[in-house]
Amino acid sequence: MATFGNNNLSAKLVLLGDMGAGKSSLVLRFVKGQFLEFQESTIGAAFFSQTLAVSDATVKFEIWDTAGQERYHSLAPMYYRGAAAAIIVYDITSTDSFERAKKWVQELQKQGNPNMVTALAGNKCDLEDKRKVTTEEARAYAEENGLFFMETSAKTAINVNDLFYEIARRLPRAQPAQQPAGMVLADRPVDRSRASACCS
Amino acid sequence: MDSDPGPLPPGDGPSNPNANPRPDPEPKPQEYTEEGRLSSLTLEDSGNAAGARAAASNGSLSADFYSGDEIEEEEPAAASDSVDEVQRAAGEARASSSHGGVAWRGNLEEDGDAPPSPSSSGYAGERGSSGESGIEEDDASVSWRKRKKHFFVLSHSGKPIYSRYGDEHKLAGFSATLQAIISFVENSGDRIKFVRAGNHQVAFLVKGPIYLVCISCTEEPYGALRGQLELIYGQMLLILTKSVNRCFEKNPKFDMTTLLGGTDAVFSSLIHSFGWNPATFLHAYTCLPLAYATRLAAAAILQDVADSGVLFAILMCKHKVVSLVGAQKASLHPDDMLLLANFILSSESFRTSESFSPICLPRYNAMAFLYAYVHFLDEDTYLILLTTSSDAFYHLKDCRIRIEAVLVKSNVLCEAQRSMVDGGLCVEDLPVDSSIRSGSLSPHLGLDKTAVGSLSSRLGTGGPAGLWHFIYKSVYLDQYVSSEFSAPINNSNQQKRLYRAYQKLYASMHDKGTGPNKTQFRRDENYVLLCWITQDFELYAAFDPLADKV
């Protein structure tokens, strides 16, 4: 949960998405400025922290880089519970990973904090010639679901810092007046998934 | 668990064609021995260049097969065909089960009327399509069939789950064959444990809906292979817990490969450790040599943390334990430690950052996840804090910060690094009692002093009385110490060979059939091996092959 302290904000951020979409690569690019061509699979979840200065405040991100493997799926709530922000990552060269991302969006809409700042990141945008998911399709889906959308490349660093800065900028506005008591949005996500299935 | 391996066949068959044990009329676990001559096997795709080469080298197979240095990753000397052998084994199993133990034997070339095996039709047509290599290979590839030691995991419906070599999905037909063999024997109220087919041994382990199979031509005893299959199963439980069985209850055709995504490195590292880590057969762990005060300092801070609700706090340097503390009454099985260390060391992901992951300790509780906080304090040294609570991350992170501060302050990390560089015990450092040396070694060898001198200068090595290497295990502590390897056992193949010899000793000493043994003295062309087991300790030692019983 994001918490204020003077002009300092501490925010829990979780990355979700299919295995191989580039969650760890995005985080390593953001936190360490590194990129590995062959990033090994994450086990469970790795924890990072990074502080950003946004206009008049500093935001300390406590980042949970979760594993994309199916076996960790049922354990994901442990990591996104209480998160102030989430980045749902898919690989623009894989429609499967985009479908997986939609499932994560649904799950967060059902289970997550309704004030969570949620970003949809289409990673690997340097691989334009292998693209399978069009920018328009993803943008339409994001707008429909109230997500903030960006295409990124951890390899070339395009939009990576911008993504985290944008989340940091949006955080204070999303800050609730009080702790939300686990609101359940039961029906709407189902309608949305149907709607998105028609478009895709 | 079926722990009765039954009597093992006495060595290899060609000289002893009647060694086939008649299966007992009672349905009790038994093995099927196959006496077929490997030298008569030729590959059907001999038009393929590699296949022709393989077939051509068949003749010399039995002679120099096992004396050569073994490098499993390289092109091995064995040119035999495990697929054919399993098929033959299948026929064998069928023959001996249904006809009261009349084993089919003979060679494939002459025997055109080989009994039908469950898979032969599935493979005959595919053999020509080899030529792939590496992970692309499958059971049709010559390179795949020449691997010395295969491990397979499959589901009870025959779906592949894991294969050491090749892509699991391409091995669906092969998996189905293995499943057919297992269920064929099970259908007669029996259980298959072991098949010998020429130079190859096939060991089976059934764990509920999960079947594990090892096909090897490494001449390791069945007990050792079964122990390795148990560890592979344990590693799988560490990642998934035993509740994965429920997936099979809901859907017998459940595909488990997706659940194990990204863990190939974990299993290949474990399988590799069967060749170098004595913990894999001793069921004990080893400690990093440290000064008493240093270890005490580490233990004190870990104990402090364990009192604050941490189930286990473990400080390790690679595979060696620096210190280990458990909450009250909680005890950690050495096999769980082995599997946990292997899991962490083989997953690069733990090194990038601190991490918090669900893991299961199969010997502690196979049904439930624990949560592991893992952090590398330096290149080799890492801290594992295990808890039952899924939201303890921040607490464990605080614990780690406290522990790290104390370890740095009391110099434990530096000492641990130094110990890693210095290495462990050396046989050369053992005190030499000159009276014993001259009294025992030279008279028994029948050599005069100068001859002994020239012998040791030729070998240039070894401890007192020709000692080359030893392992000492304390039964009570679940710990072992092992001397460092030194010349003449100075490359990894020789080390692996010595470990395999120890494994054989271990298996024969712990064989329930022959009762608890106390000492064993064994000599072969490579060394003299001594094993001594009491209720307190087990000692394994390798000596110069010219050393004699003292």
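A, B, ... follow the sequence lines: proteins, then strands. Residue 1 opens every chain.
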Check: B/Phe393 ring centre within less than 6.0 Å of A/Phe47 ring centre: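 Yes.
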Between [atom1] of [X] and [atom2] of [Y], what distance do you get to the nearest 0.5 Å?
X	Y	atom1	atom2	result
B/Thr263	A/Gln69	OG1	CD	8.0 Å
A/Met78	B/Asp391	CE	CG	8.5 Å
A/Arg81	B/Ser390	CZ	OG	5.5 Å

A/Glu62 portion near chain B, given a 4.5 angstrom heavy-atom threshold: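 The answer is the side chain of A/Glu62.
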Largest heavy-atom contact set with chain B, pairs under 4.5 Å, which of A/Ala45, A/Ala46, A/Ser41, A/Gly68: A/Ala45
Smallest separation among heavy atoms of A/Lys32 and B/Thr352, with atom names: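 Between these two residues, the closest heavy atoms are NZ-O, 2.8 Å.
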Please look at [X] and chain A and tell me whether the side chain, the backbone, both or neither of the residue comes under 4.5 angstrom of a heavy atom of that chain.
X	result
B/Tyr394	side chain
B/Ile239	both
B/Leu259	both

Donor-acceptor contact below 3.5 Å, side chain A/Arg71 vs main chain B/Gly261: yes
Donor-acceptor under 3.5 Å (B/Ser349 side chain, A/Ile43 main chain): yes
